[in-house]
Amino acid sequence: MDTAPAQDPGQLTFRDAADADVPALVTLIESAYRGDSSRAGWTTEADILQGQRTDPAGVRQVVEAPGSRLLVVECDGELAACCQLEHRGDAAYFGMFAVRPGLQGAGLGKVIIAEAERTVRESWGVREMHMTVISVREELIAWYERRGYRRTGKLSPFPYGDERFGIPQRDDLAFELLVKDLV
């Protein structure tokens with residue numbers, strides 16, 4: 001996934017999500033991770049989780065929560081990606097990262113994560129970025145490792161039985177904490 005040339009960042013605009021963005025953001029997030037549309041990209045979870053990835057209430061909660069931002073990325077005026085940034089003391093949490101499947105693999109993710117890291121350093125003065133990734137997502141974890149994130153071995157259980165997070169197709173799912181020093 002790292003061999004394609006990086007997208008020209010001059011074509012991108014970054015802004016905070018507004019309530020009016022919620023329906024389009026839900027569609028974007030779902031398309032990047034679930035169902036057949038997600039198979040056009042490489043971040044699909046369709047083989048390990050079915051059902052929904054998020055819903056309007058979950059996205060709206062991120063948009064409205066204090067100390068939280070949902071960064072919207074537009075390419076030539078079109079919704080291209082998003083990511084959640086949450087202030088957690090000396091660290092920021094990075095989540096809800098979605099790139100439109102047809103745009104994946106072209107270097108856009110690298111540009112977005114770098115901008116997210118810059119944003120949290122400047123806005124909140126944090127020293128670390130944290131994220132959780134489903135531990136069986138080896139290819140995705142390797143991508144983050146190439147961006148400077150390290151596996152911590154700290155696992156938290158997957159919320160089996162709570163269909164708001166999807167319907168697991170395996171019984172060995174857990175979230176692993178990944179951390180990157182930002183100083």
Q: Give a yes/no verdict on a cation-pi contact between R147 and W143, requiring under 6.0 Å between NZ or CZ and the six-membered ring centre and an angle within 45° of the axis.
A: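 Judged by the rule (NZ or CZ under 6.0 Å from the ring centre, within 45° of its axis), R147 counts as positioned above W143.
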
Q: What residues, two or more places apart in sequence or in another chain, satisfy ring-ring contact (aromatic ring centres under 6.0 Å, His included) together with F158?
A: Y160, F175

Q: Is there a path of hydrophobic side-chain contacts, each under 4.5 Å between heavy atoms, that joins F165 and V136?
A: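 Same cluster.
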
Q: Considering non-hydrogen atoms only, spot the tightest contact between A17 and L25 and give its length.
A: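 Answer, listing the atom of A17 first, then L25: CB-CD1, 3.8 Å.
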
Q: Run R100 and E78 through side chain to side chain contact (heavy atoms under 4.5 Å, CB included) and show every step you take.
A: CA-CA 10 Å; R100 196 166 7 135; E78 299 280 326; 3.9 Å; yes

Q: Pick out which of E128, M129, R118 makes a side-chain contact (heavy atoms from CB on, under 4.5 Å) with L182.
A: M129

Q: If you count every heavy atom of other residues, nucleotides or ligands that lies below 6.0 Å from Q169 atom CD, does the total exceed 12?
A: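 Yes, the 6.0 Å shell around CD holds more than 12 heavy atoms from other groups.
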
Q: S135 and R151: which non-hydrogen atoms are nearest, and at how many Å?
A: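 Closest approach of S135 to R151: O-NH2, 3.6 Å.
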
Q: Can you check side chain to side chain contact (heavy atoms under 4.5 Å, CB included) on C83 and E115, steps first, answer last?
A: CA-CA 10 Å; C83 65; E115 177 63 15; over 6 Å; no

Q: With sequence neighbours excluded, what pairs up with R15 under the side-chain hydrogen bond (donor to acceptor under 3.5 Å, both in side chains) test?
A: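 Result, side-chain hydrogen bond (donor to acceptor under 3.5 Å, both in side chains) vs R15: D21, E74.
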
Q: Is the side chain of S31 donor-acceptor paired with the backbone N or O of L28 at a distance under 3.5 Å, no angle test?
A: yes

Q: If you apply the rule side chain to side chain contact (heavy atoms under 4.5 Å, CB included), what do you find for E139 with R137, and how did you get there?
A: CA-CA 6 Å; E139 185 179 12; R137 303 283 320 274; over 6 Å; no

Q: Hey, could you give me the NE2/OG distance between H87 and S123, rounded to the nearest 0.5 Å?
A: 9.5 Å

Q: With a cutoff of under 4.5 Å between side-chain heavy atoms, which Ile, Leu, Val, Met, Phe, Trp and Tyr residues group with L155?
A: none

Q: Using a strict cut-off of less than 4.0 Å between a Lys/Arg side-chain nitrogen and an Asp/Glu carboxylate oxygen, indicate whether K154 and E176 qualify as a salt bridge.
A: no

Q: Verify side chain to side chain contact (heavy atoms under 4.5 Å, CB included) between L103 and L108, making sure each step is shown before the conclusion.
A: CA-CA 7 Å; L103 297 175; L108 186 58; 4.1 Å; yes

Q: Supply the atom-to-atom distance D16 CG to C82 SG, rounded to the nearest 0.5 angstrom.
A: 12.0 Å

Q: If you define the side chain from C-beta out and look only at heavy atoms, does anything of L85 sit under 4.5 Å from L71?
A: yes

Q: Might you point out which heavy atoms bring A32 and V99 nearest each other, and give the distance in Å?
A: CB-O, 3.6 Å

Q: Can you tell whether the side chains of R53 and E163 come within less than 4.0 Å, N to carboxylate O?
A: no

Q: Check for me, please, whether Y93 and F14 land in the same ILVMFWY cluster - side-chain distances under 4.5 Å, paths through other members count.
A: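 Different clusters: Y93 never reaches F14 through Ile, Leu, Val, Met, Phe, Trp or Tyr contacts under 4.5 Å.
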
Q: Is the shortest heavy-atom distance from the side chain of V62 to the side chain of L70 under 4.5 Å?
A: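 Yes, side chains in contact.
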
Q: Below 4.0 angstrom, N of the basic side chain to O of the carboxylate: do E145 and R150 qualify?
A: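 So E145 does not pair with R150 through a salt bridge.
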
Q: With sequence neighbours left out, write down each residue that passes side-chain hydrogen bond (donor to acceptor under 3.5 Å, both in side chains) with Y144, or none if nothing qualifies.
A: none

Q: Excluding sequence neighbours, so at least two apart, what forms ring-ring contact (aromatic ring centres under 6.0 Å, His included) with H130?
A: none

Q: Any chain of hydrophobic side-chain contacts (each under 4.5 Å) joining L177 to M96?
A: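 No; tracing contacts between hydrophobic side chains, which count when under 4.5 Å, never links both residues.
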
Q: State which residue, out of L173, D172, I141, fulfils the side-chain contact (heavy atoms from CB on, under 4.5 Å) condition with I134.
A: L173

Q: Please report the shortest heavy-atom distance between A116 and F94, naming the atom on each side.
A: CB-CE1, 3.8 Å

Q: With no hydrogens and no angle check, is any side-chain donor or acceptor of D55 less than 3.5 Å from a backbone partner on G58?
A: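 Yes.
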
Q: Could you tell me which residues satisfy side-chain hydrogen bond (donor to acceptor under 3.5 Å, both in side chains) with R60, sequence neighbours excluded, listed by chain and number?
A: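 Applying side-chain hydrogen bond (donor to acceptor under 3.5 Å, both in side chains) to R60 gives D19.
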
Q: Please name the pair of heavy atoms, one in A24 and one in L79, separated by the smallest distance, quoted to 0.1 Å.
A: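 The answer is O-CD2, 3.6 Å.
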
Q: To the nearest 0.5 angstrom, please state how far the CG atom of L49 sits from the CD1 atom of I167.
A: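 The distance works out to 9.0 Å.
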
Q: Let me check something: do L140 and V111 share a hydrophobic cluster, defined by ILVMFWY side-chain heavy atoms less than 4.5 Å apart, either directly or through other members?
A: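 Yes: a chain of side-chain contacts under 4.5 Å links L140 to V111.
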
Q: Same hydrophobic cluster for F97 and L12, using side-chain heavy-atom links shorter than 4.5 Å among ILVMFWY?
A: yes

Q: Count the heavy atoms belonging to other residues, nucleotides or ligands that lie under 6.0 Å from CZ of R127, then report whether that count exceeds 12.
A: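 No - once you tally the heavy atoms of other residues, nucleotides and ligands closer than 6.0 Å, there are 12 at most.
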
Q: At their closest point, which heavy atom of E86 faces which heavy atom of W124, and how far apart are they?
A: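 Looks like C-CZ3, 3.7 Å.
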
Q: Is a side-chain N or O of S68 found less than 3.5 angstrom from the main chain of E64, in a donor-acceptor match?
A: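 Absent.
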
